Amino acid sequence: MARIDDLARYYDSQAAADRYYPEWEEAGLFTPDPDAPGEPYTIVIPPPNVTGSLHMGHALNNTLQDILVRYKRMDGFNALWVPGTDHAGIATQWVVERKLRAQGVERRDIGRDAFLEKVWAWKDESGGTITHQLRKLGVSCDWKRERFTMDEGLSRAVAEVFVRYYEEGLIYRAERLINWDPVGLTAISDLEVDNEEAEGELWSFAYKLDAPFTRADGSTIDEIVVATTRPETMLGDTAVAVHPDDPRYRDLVGRTVKHPFLDRDIPIVADAILVDPEFGSGAVKITPAHDFNDFEVGKRHGLEMINILNQDATLNSHGGPFAGMDRFAARDAVKARIEALGLSRGAKPHMLALPRSQRSGSVVEPMLSTQWFVKMKPLAAPAMAAVENGFTEFVPKQWENTYFAWLRDIKDWCISRQLWWGHRIPAWYDAQGTLYVGRSEAEVREKNGIGADVALHQDEDVLDTWFSSALWPFSTLGWPDRTPDLERYYPTSVLITGFDIIFFWVARMMFAGLHHMGSVPFKDVYIHALVRDEQGQKMSKTKGNVVDPLDSIAEYGADAFRFTLAAMAAQGRDILWNPARAEGYVKFTNKIWQAFRFATTHLEDYDPSAPRTLSPYDNWILARLGTCVKRVRIALDGYRFNDAANELYSFTWDELCDWYLELSKGTLFSDAPDAEAARQGARYTLWTAFHALSRLIHPFMPFLSEEIWRNLPGTEGTVMTAAFPQVEDFPEDEQALTEVQTLQQTIVAVRRIRSEMEISPRVPLTLRMADPSRLAGHGNGLRDLARVTAVVEGGRQGVCATAVVQGRDVYIPLEGVIDIDAEKARLDKEIAKSTKDVDALRKRLNPGFRAKAPSHVVAGFEAKLKTAEDRRTRLEAARKNFS
RNA sequence: GGGCGGAUAGCUCAGCUGGGAGAGCAGCGGUUUUACACACCGCGGGUCGCAGGUUCGAGCCCUGUUCCGCCCACCA
């Protein structure tokens, strides 16, 4: 049995973590049994990049998940939290490429297989980093079920989904205009492009008509002026578009202009969709192969699509004299050439959106390319409907708008990447280029009757990383097999993630889950904020403002660190990391620990079966505990992590420590023989309070709570699997609440008088009041907390300070203790305050209010007014005694 | 261009369905009281961005507006 001497003077979170975490893990406490009873509660982790390391966003994200999982597990749910990592195609491949490049090796030099070996080696080397860091945070995910997006099972799921989509016509291969990253040398999806505002110029030049044209009014026109921010694209121009109703150009539609230095005639077409006659010259050069709008125009008018770029964005042979030049060099060269020809028609500054690759930062080039796409409209519709119908709910709800907005206008998803690291597309071609899609080469051969003598080669491309992430909620549970886990734990209960991946991930999981599982992948989606630095800046390595969660754990301990994140996680708002808050919560862990040490001194030989009587203090704190349980549950059930944390904080500090422990001391330290039952009552209450508190704080502070649990007599096993406290365990007690409230107000009143009149806490005081019975039995409390040594029946006598507690006068005889002026001044201040109070209440209780406000509200304010008026009357009476 | 947040005490932020404005930190004053000075006791401090409106009553609802931040978008 623990004695206080066994408990460290200060709580050591790190030591507790090192002691308990491995124990929990080895005992299999993170690993639920699908056959075990209990309603399932499932969370799948947003898989971090396998070779990444923990940042504050992860820390917040996983702390919140762990709080929920621990809470639900304790509350009787069959709780599963599936951890895992993502192969992060582009990101990981690039890291390895960079490492190789440092050794002077390019991936193409060593070839695909050798390169992939290097990536796997890197994955094996650094892949455990982040999961070990997560353990430091204390997360209770089931490491036995840890998955990786490229492990065997998940790769099978990817192939399966690909084939099914393909067979249903939802995946197709086509030549389309896509976003091309000329540095990464791969196609990327719309989401991977960031548009950056940039200053550029809108530069105009003239296309000469093939022959001067005499118009109906007799005038002659020989050129048409177009404007562009990317002059080099004129090398790929195959039309000039004007608005069909534009009187300036209407008569030119159908004629042609001559390309100034390429052997090409360019038709003038009418296009009402693209052309805004108000903008620029009202004529638009059309480059169908390098501009998304122009591409559409090209399709509408059957224009030739001329790709002028190589993969690295140098000009290809279609660039004529500029072939081989970089696109930006070509831009200047083309301009110079046109200027030299006297066709330049001026330029003006122009703000433009520069599309940049999220990964490489290079300027993305719209490029005509054959890629694989997922047809989105048929998948998006059910995904929207599921949220509209409430099968999945976002918290906070406003994010549903974001979700809808994206899905509503969604375009087909380009899923092929010209990378090596990732799931290779399950498609094969024979020598004639015939395409076969299947789960494996063997299946393709079998299904299509292709013998071993016929060579097949697999598509070189891999899939967008998010293609596999989209399957995460069911692929991790064993799909496509109907595993016990899948049956039991799908759909998951809640997804906890950041708003930045609502499109990338959440929406895609929604449609994948609906399509392949027939139901939503999660019931709730809790969207949490971004963790920023103190100035509200996004944390980034280049800014040097990154706070490393591991440093924070080392500094504050995982318990306080987690509590800080939870306490700061107000819905719908970014978290500005504030070390002062963390320091404050370190003190909170200390406070709990010290209080527990105190409790321990009284629980050494605690015998729960000993006869006991409960004091009003005992009943009071137990009732308050019940309220705390209720509020914490409501808060957690509503994903109000900060509310739950604040409730625990204020209950523990303000009520348990500041009041109950102090009030219980009189009993606990009493050596009166007849106080034994009361002592046992106080011990019972102490024990009960810490028994409950350790469980209540466990989801937030797993190690501290375990340390308490283990050292609390009469507990068994681990707090991790103890039942989360129920409201019903703690009876309400109106009488105790009232009684203690009276006592508290009296004590506070006395303390204030002491403080304001500078009466030393050592000077004992007497209270005089008309009805001392109201404080009967609270002599110890008054003595210990206010150093009031006597309460006598009677009115004002001699020089007294006067306080009004709950509408009754309380006198404190101060003969010889203070000077009268101090009490006068104090009373004047009180009266002024009271008057303000009364005035405000009278104003509120105007006729309109009385007539229209609900009667209980009116009654409430009337009572308040009466109290306030009474109080002022009493204070004024006290003041008169001095005048 | 469209959409979404935020603006509340010196600082950092809570404030759920409208019912006399809160916390932590900082500040000021006091206290070696038998768990804790990482503590205890007390105090001061806000026209809730601005202007209107609805209401008996608005930090909260409506309209407008200013600043900050974010997301989406093809005006050449």
Side-chain angles (χ1 to χ4, degrees), chain A residues 4 7 9-11 195 202 226-230 233 241 274-276 278-287 291-296 350 352-353 366 396 398-399 401-402 405-406 409 499-500 502-503 529-530 532 534 536 538 567-568 570-576 578 580-581 583-602 634-635 638 640 642-643 646 649-650 657-658 661-662 665 669 748 751-756 758 760-762 784-787 837 840-841 843-854 856-858 860-861 864-865 868:
Chain A
I4 188 162
L7 302 181
R9 183 76 164 69
Y10 289 100
Y11 168 65
N195 287 306
L202 187 61
V226 294
T228 181
T229 54
R230 299 165 60 209
T233 61
L274 176 82
V275 180
D276 170 9
E278 304 295 313
F279 187 89
S281 66
V284 188
K285 61 185 276 307
I286 301 298
T287 322
D291 182 283
F292 287 96
N293 285 318
D294 294 3
F295 179 73
E296 296 301 320
H350 184 72
L352 51 97
Q398 77 221 26
W399 290 111
N401 292 327
T402 305
W406 186 66
D409 299 320
F499 62 83
D500 48 331
I502 290 177
F503 305 147
L530 224 59
R532 300 171 176 276
E534 270 182 284
K538 208 166 168 172
M568 292 176 47
Q571 284 185 8
R573 214 170 145 137
D574 282 347
I575 292 176
L576 273 54
N578 184 350
R581 289 287 293 273
E583 284 156 20
Y585 292 121
V586 170
K587 293 181 181 180
F588 180 49
T589 59
N590 179 59
K591 189 71 180 173
I592 296 172
W593 185 244
Q594 299 307 335
F596 178 62
R597 289 177 69 236
F598 169 77
T600 301
T601 61
H602 298 285
I634 289 171
R640 299 183 162 274
N642 58 324
D643 285 354
N646 287 331
Y649 186 92
S650 62
C657 292
D658 287 350
L661 294 188
E662 296 304 328
K665 281 178 181 174
F669 286 114
V748 168
R751 283 171 173 171
R752 279 172 67 176
I753 286 169
R754 269 190 199 281
S755 181
E756 286 174 33
E758 298 179 332
S760 159
R762 265 169 305 198
D784 296 343
L785 275 67
R787 197 135 175 88
D837 207 19
L841 286 163
K843 202 175 152 197
R844 171 165 283 262
L845 280 155
N846 58 56
F849 176 78
R850 286 178 186 282
K852 302 214 175 167
H856 72 274
V857 175
V858 174
F861 278 98
K864 280 178 184 170
L865 177 61

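Keep in mind it's a predicted model, so treat the numbers as computed, not measured. Every heavy atom of this structure was used, including side-chain atoms; hydrogens, water molecules and symmetry mates were not.
Checked by atom type and distance alone, the side chain of Asn646(A) never pairs as donor or acceptor with a backbone atom of Asp643(A) at under 3.5 Å.
When the side-chain nitrogen and oxygen atoms of Lys587(A) are compared with OP1 and OP2 of rA37(B), none of them lie within a distance under 4.0 Å. Taking 4.0 angstrom as the limit, His856(A) places none of its side-chain polar atoms (N or O) nearer than this to OP1 or OP2 of rG19(B).
With distances taken from any side-chain atom of Asp276(A) to the nucleotides rC75(B), rG19(B), rG15(B), the minimum falls on rC75(B). Side-chain atoms of Arg844(A) lie closest to rG19(B) of the nucleotides rC36(B), rG19(B), rG24(B). For Asn590(A), counting side-chain heavy atoms from C-beta on, the closest listed nucleotide (rA35(B), rC38(B), rC74(B)) is rC38(B). The side chain of Arg762(A) lies closest to rU32(B), out of rG19(B), rA35(B), rU32(B). Among the nucleotides rA35(B), rG20(B), rU31(B), the one closest to the side chain of Lys864(A) is rG20(B). Side-chain proximity of Leu661(A) to rA35(B), rC75(B), rC56(B): nearest is rA35(B). In the set rA76(B), rC41(B), rG20(B), rC41(B) carries the atom at the smallest distance from any side-chain atom of Asp658(A). The side chain of Asn846(A) has rC56(B) as its nearest neighbour among rA35(B), rA39(B), rC56(B).
Lys591(A) and Thr589(A) are not linked by any side-chain donor-acceptor pair at a separation below 3.5 angstrom, with hydrogens and angles left out of the test.
You'll find the side chain of Thr229(A) reaches within 4.5 Å of the side chain of His350(A), heavy atoms only. At a threshold of 4.5 Å between non-hydrogen side-chain atoms, the residues Val226(A) and Val284(A) do not count as touching.
Lys843(A) approaches Asn846(A) most closely through the heavy-atom pair O-ND2, 3.2 Å. In plain terms, the two heavy atoms of Arg230(A) and Pro366(A) that are nearest each other are NH2-CD, 4.1 Å.
Side chain Lys665(A) to base rA35(B): a donor-acceptor pair is found below 3.5 Å. Contact of Gln594(A) with rA37(B) (side chain to base): no donor-acceptor pair of N or O atoms is detected under 3.5 Å.
Nearest-nucleotide mapping onto RNA chain B: of Asn646(A) and Gly584(A), the residue sitting toward the 5' end is Asn646(A).
Stem analysis of RNA chain B (at least three stacked-register Watson-Crick or G-U pairs, each with both distances under 3.5 Å) gives B:1-7 with B:66-72, B:10-13 with B:22-25, B:27-31 with B:39-43, B:49-53 with B:61-65.
In this structure, Phe669(A) does not pack face-to-face on the six-membered ring of rU34(B), missing the 5.5 Å centre cutoff or the 30° plane limit.
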Please tabulate, one pair per line, each protein N/O and nucleotide N/O from nucleotides 42-45 of chain B that are separated by under 3.5 Å, including the distance.
from    : atom 1 : to        : atom 2 : distance (Å)
rG42(B) : O2'    : Ser755(A) : OG     : 3.2
rC43(B) : OP1    : Arg752(A) : NE     : 3.2

Just the atom pairs and distances: protein N or O near nucleotides 8-13 of chain B's N or O, under 3.5 Å.
from    : atom 1 : to        : atom 2 : distance (Å)
rU12(B) : O2'    : Asn578(A) : ND2    : 3.3

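Aromatic ring pairs are classed by plane angle as parallel below 30°, tilted from 30° to 60° and perpendicular above 60°; the pair Phe596(A) and Trp593(A) is tilted.
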